[in-house]
Amino acid sequence: MFENEYTLIMIKPDAVADGHTGSIIKRIEDEGFRVRAIKYVRLSKAQAKEFYKIHKERPFFNELTEFIASGHLVAACLERANAVEHWRKVIGATNPEEADEGTIRKLFARSKGENAVHGSDSVENAQIETDFFFSRMELVKE
Ligand code: UDP
Ligand code: MG
């Protein structure tokens, strides 16, 4: 089942504050992902801006980075066959009103901005985002 594709996910501060961390981790396991590394951390505004720098010209950049730095989040590197695409399917559309029934955003997101979870959009960005949160030492496997 594990074919060495990775994705970087976050359980965002809204979902952590709303008490959905356990349910989302259960879903991660039920969907056949293996957790390679995980941490509970609060980002500074500067760290949030670094993580989301690809969006720095977007009108929602300030709001987004304020939100991401507003409380603790859970970041995890997940392994699965087709990890990037499968996680994007499990989380649903950015706007929970447009997300399919049963997706994590449909179930748990507050709004388009405070939308419960992050998922890398490509294998290349998964590597960049994993390197942001985790050191080589934290990702060593048997
Ligand atoms: N976002 C927002 N307003 C928007 C679009 C996006 O606040 O109009 C936030 C939202 O939290 C989203 C994040 O910015 O998850 C990154 O946007 P992206 O388009 O990459 O969406 P995603 O890949 O997370 O579905
Ligand atoms: Mg994105």
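Ligands are counted one by one from 1 in listed order, and the atoms in each one are counted from 1 as well. The figures that follow rest on heavy atoms only: side chains count, while hydrogens, waters and symmetry mates do not.
When hydrogens are left out, the protein atom nearest atom 19 (O) of ligand 1 is Arg58 NH2, 4.1 Å; that is the closest non-hydrogen contact. Protein heavy atom closest to atom 23 (O) of ligand 1, with residue, atom name and distance, is Arg88 NH1, 2.9 Å. Ranking the protein heavy atoms by distance from atom 9 (C) of ligand 1 puts Leu64 CD1, 3.8 Å first. Closest protein heavy atom to atom 10 (C) of ligand 1: Lys112 O, 3.4 Å. When only non-hydrogen protein atoms are considered, atom 21 (O) of ligand 1 lies nearest to Thr94 OG1, 3.3 Å.
Not one N or O of His118 is nearer than 3.5 Å to an N or O of ligand 1, by distance alone. Looking at ligand 1, you won't find any N or O of Glu114 less than 3.5 Å from one of its N or O atoms. Residue-to-ligand polar distances keep Glu63 apart from ligand 1: every N/O pair is separated by 3.5 Å or more. Polar contact with ligand 1: absent for Phe60 (N/O pair, distance under 3.5 Å).
Between His118 and Phe51, the two ring planes are perpendicular [angle over 60°; tilted spans 30° to 60°].
Between atom 7 (O) of ligand 1 and the options Ala99, Gly113, Gly92, Ala109, the minimum heavy-atom separation is to Gly113.
With a 4.0 Å cut-off on non-hydrogen atoms, Arg105 touches ligand 1 through its side chain and not its backbone.
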Check: Arg88 and Asp121: salt bridge (charged side-chain N to carboxylate O under 4.0 Å, His left out), yes or no, with the steps?
Finding: CA-CA 8 Å; Arg88 296 292 307 199; Asp121 62 8; 5.8 Å; no
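The OG1 atom of Thr7 lies 8.5 Å from the CH2 atom of Trp87; values are rounded to the nearest 0.5 Å. Put simply, CE on Met10 and CZ on Phe133 are 5.0 Å apart, with the number rounded to the nearest 0.5 Å.
Exactly one residue among Lys45, Gln47, Lys53 makes a side chain to side chain contact (heavy atoms under 4.5 Å, CB included) with Thr65. That residue is Lys45.
Atoms of ligand 1 found under 4.0 Å from any heavy atom of Asn115, numbered from 1 in the order shown, are 10 (C), 11 (O), 12 (C), 15 (O). Within ligand 1, the atoms closer than 4.0 Å to a non-hydrogen atom of His55 are 16 (C), 17 (O), 18 (P), 20 (O), numbered from 1 in the order shown.
Taking all atoms of both residues into account, the shortest heavy-atom contact from Ser23 to Phe108 is CB-CZ, 3.7 Å. Across Leu73 and Ala75, no two heavy atoms sit closer than the pair CD1-N, 3.9 Å.
Between Lys89 and Glu85, no side-chain nitrogen of the basic residue sits less than 4.0 Å from a carboxylate oxygen of the acidic one, so the salt-bridge criterion is not met.
For the 3.5 Å distance criterion, the side chains of Asn62 and Glu66 fail to qualify, holding no donor opposite an acceptor.
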